[in-house]
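Just passing along the structure, written as structure tokens.
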Amino acid sequence: MHHVLWSAPEKDRAGTHLLVMLHGYGSDEAAMAELFGRLPAGITCAALRGPFDVGGRFGWFLLDPLLASDPAEVLSAGSAVLASITELQQQGTFSGVSLLGFSQGMAMAVTALRLRPTAFTCVVGLSGFVVPSELLAMAEPLADPVPFFWGRDREDWVIHPDAVLAAESWLAANTFLTARTYLGMGHRIGVEEVRDIGVFLNRFVRDAKKYKVPD
């Protein structure tokens with residue numbers, strides 16, 4: 001079980017929607033906690049801490065400057081995240097579960113989605129990328145596209161152009177995509193972006209029962 005930081009005490013979680021948050025490389029769960037009070041009511045956030053040591057901070061798997069990684073290590077990390085999510089769901093009567101990942105956390109969220117494509121109401125990916133996997137690609141495109149919010153700055157120097165193109169291709173083929181870009185935001189989560197995340201979550205989480213993803 002990953003270390004977890006909750007947005008609400010256990011007594012206030014019943015009947016809410018669980019939003020599992022995954023931080024970026026060289027960060028920790030406290031960075032995601034900055035969003036706790038800025039998202040719609042009725043959502044309980046659980047920010048996980050990655051298990052990979054990055055000089056005293058944390059990540060999900062080893063990453064080089066070109067965003068290359070060991071596919072087996074990524075799949076193992078994704079499976080561990082799914083195991084933790086199962087444990088989190090057992091700690092409360094949640095109405096459903098969604099994912100939010102920043103940077104490497106987006107890669108982890110997409111990997112979890114690919115491993116368990118029917119488990120999540122929606123996914124939010126911020127300033128991140130998608131890890132290539134020949135194994136997972138054998139079962140794609142995903143049969144039931146999940147609503148996916150993808151936010152980034154076109155000039156984000158951390159995520160190189162090839163990774164952006166690969167992410168764009170995978171998301172377009174496998175999700176019901178809402179893509180937004182934010183000028184001057186850089187590699188971070190911006191104020192306008194948080195506003196749009198709130199709109200997205202209101203649409204696909206709070207109004208999920210009356211909204212159907214187009215075929």
Side-chain angles (χ1 to χ4, degrees), residues 7 15-24 32 35-36 38-48 78 81-82 84-86 88-89 92 94-131 133 136-137 139-154 159 163-182 185 189-215:
S7 66
T16 63
H17 189 89
L18 177 62
L19 181 64
V20 178
M21 295 180 159
L22 308 169
H23 62 76
M32 306 310 295
L35 295 176
F36 283 178
R38 302 164 67 188
L39 298 179
I43 293 176
T44 295
C45 302
L48 303 187
V81 166
L82 290 175
S84 285
I85 290 173
T86 297
L88 294 178
Q89 289 178 284
F94 297 106
S95 62
V97 59
S98 295
L99 300 170
L100 184 152
F102 172 75
S103 195
Q104 191 188 53
M106 173 177 159
M108 200 78 276
V110 170
T111 300
L113 174 64
R114 298 175 81 179
L115 286 168
R116 196 177 291 174
T118 62
F120 306 105
T121 301
C122 64
V123 181
V124 175
L126 309 175
S127 303
F129 56 100
V130 174
V131 177
S133 172
L136 295 178
E140 293 170 353
L142 301 181
D144 297 307
V146 170
F148 196 109
F149 178 92
W150 183 31
R152 64 187 180 91
D153 182 349
R154 293 181 186 273
I159 310 300
V164 172
L165 289 174
E168 184 176 38
S169 176
W170 188 89
L171 291 169
N174 291 278
T175 72
F176 180 50
L177 181 62
T178 298
R180 298 286 184 267
T181 58
Y182 304 91
M185 182 176 70
I189 302 174
V191 174
E192 292 183 358
E193 186 176 41
V194 173
R195 176 203 62 200
D196 291 345
I197 294 168
V199 172
F200 176 84
L201 292 175
N202 271 324
R203 182 181 187 187
F204 293 108
V205 170
R206 296 188 64 182
D207 298 336
K209 291 183 179 180
K210 66 181 182 182
Y211 185 86
K212 183 179 182 298
V213 174
D215 296 326

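Any value given below was found using the heavy atoms of this structure, including those in side chains, with hydrogens, waters and symmetry copies removed.
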* Heavy-atom closest contact (L88 atom, A46 atom, distance) ->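 Of all heavy-atom pairs spanning L88 and A46, the closest is CD1-CB, 4.0 Å.
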Short side-chain donor-acceptor distance under 3.5 Å, W170 and E140: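 Yes, side-chain donor-acceptor contact under 3.5 Å.
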**Request:** State, to 0.1 Å, how close G128 and I159 come at their nearest heavy-atom pair, and which atoms those are.
**Result:**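 Distance-wise, the nearest heavy atoms are O-CG2, 3.7 Å.
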**Prompt:** With side chains defined as the heavy atoms from C-beta onward, is the minimum distance between R116 and T86 less than 4.5 Å?
**Reply:**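 With C-beta onward as the side chain, the pair touches.
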Just verifying a value: how many Å separate F129 CZ and M106 CE, rounded to the nearest 0.5 Å?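 The distance works out to 9.0 Å.
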- Evaluate side chain to side chain contact (heavy atoms under 4.5 Å, CB included) for M21 paired with L39, printing each intermediate quantity in order. CA-CA 12 Å; M21 295 180 159; L39 298 179; 3.6 Å; yes
Run the side chain to side chain contact (heavy atoms under 4.5 Å, CB included) test on L100 and L126 for me, step by step, so that the C-alpha distance in whole Å, both residues' side-chain angles and the decisive distance to 0.1 Å come before the verdict.
CA-CA 8 Å; L100 184 152; L126 309 175; 4.1 Å; yes
| query | Do V123 and T175 have side-chain heavy atoms sitting under 4.5 Å apart? | reply |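 No; the side chains remain at least 4.5 Å from each other.
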Report the C-alpha separation of L99 and F148 in whole Å, then their side-chain angles, then the decisive distance to 0.1 Å, and conclude whether the side chain to side chain contact (heavy atoms under 4.5 Å, CB included) test is met. CA-CA 10 Å; L99 300 170; F148 196 109; over 6 Å; no
If you measure from CD1 on I43 to OG1 on T16, what distance do you get to the nearest 0.5 Å?
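It is 9.0 Å, given to the nearest 0.5 Å.
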- Task: Supply the atom-to-atom distance R180 CZ to R195 CZ, rounded to the nearest 0.5 angstrom.
- Result: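 Here the interatomic distance stands at 9.5 Å.
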- Task: Taking the side chain as every heavy atom from C-beta outward, state whether R114 and N174 have any atom pair closer than 4.5 Å.
- Result: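 No; the side chains remain at least 4.5 Å from each other.
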Can you tell me how far apart CG (L22) and CD (Q104) are? Round to the nearest 0.5 Å.
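L22 CG to Q104 CD: 10.0 Å, rounded to 0.5 Å.
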At what distance, to the nearest 0.5 angstrom, does CZ of F204 lie from NE2 of H17?
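Spacing of CZ (F204) from NE2 (H17) equals 12.0 Å.
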Might you point out which heavy atoms bring P40 and G198 nearest each other, and give the distance in Å?
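Minimum heavy-atom separation between P40 and G198: CG-O, 3.6 Å.
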key: Euclidean distance, L201 CG relative to T121 OG1, rounded to 0.5 Å   =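 Here the interatomic distance stands at 10.5 Å.
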Margin query: Holding to salt bridge (charged side-chain N to carboxylate O under 4.0 Å, His left out), I want the full list of residues that pass it with E192, two or more places apart in sequence or in another chain.
Written below: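 None.
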Heavy-atom closest contact (A172 atom, L177 atom, distance) =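 Heavy atoms of A172 and L177 come nearest at N-CD2, 4.3 Å.
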Is there a side-chain contact between V191 and R38 in this structure, where contact means two heavy atoms from C-beta onward sitting under 4.5 Å apart?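 They are in contact (side-chain heavy atoms under 4.5 Å apart), so the answer is yes.
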Worksheet item: Is there a donor-acceptor contact under 3.5 Å from the side chain of T178 to the main chain of F149?
Response: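 Absent.
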Open item on the list: Taking the side chain as everything from C-beta on, heavy atoms only, tell me whether S98 gets closer than 4.5 Å to V124.
Closed with: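 Not in contact.
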Next item on the list: Flag the pair I85 / F120 as yes when at least one side-chain heavy-atom distance between them is below 4.5 Å, and no otherwise.
Entry: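 Yes, at least one pair of side-chain atoms sits under 4.5 Å.
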Would you sort out whether I197 and L35 count as a side chain to side chain contact (heavy atoms under 4.5 Å, CB included), showing the intermediate values?
-> CA-CA 10 Å; I197 294 168; L35 295 176; 5.6 Å; no
>> Whether the side chain of T111 engages the backbone of A107 through a donor-acceptor N/O pair (distance < 3.5 Å, no angle test) should be reported.
In response: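 Confirmed, T111 side chain pairs with A107 backbone.
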Practice problem: Would you indicate whether the side-chain heavy atoms of S127 and M185 approach each other to under 4.5 Å? | Solution: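 Side-chain contact under 4.5 Å: yes.
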Exercise for review: Write down the atom of S103, the atom of G24, and the distance for their closest heavy-atom approach.
Suggested key: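 Closest pair (atom of S103, atom of G24, distance): CB-CA, 4.1 Å.
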* Is there side-chain contact between Y182 and R154, with heavy atoms separated by less than 4.5 Å? ->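 No, every pair of side-chain atoms sits at 4.5 Å or beyond.
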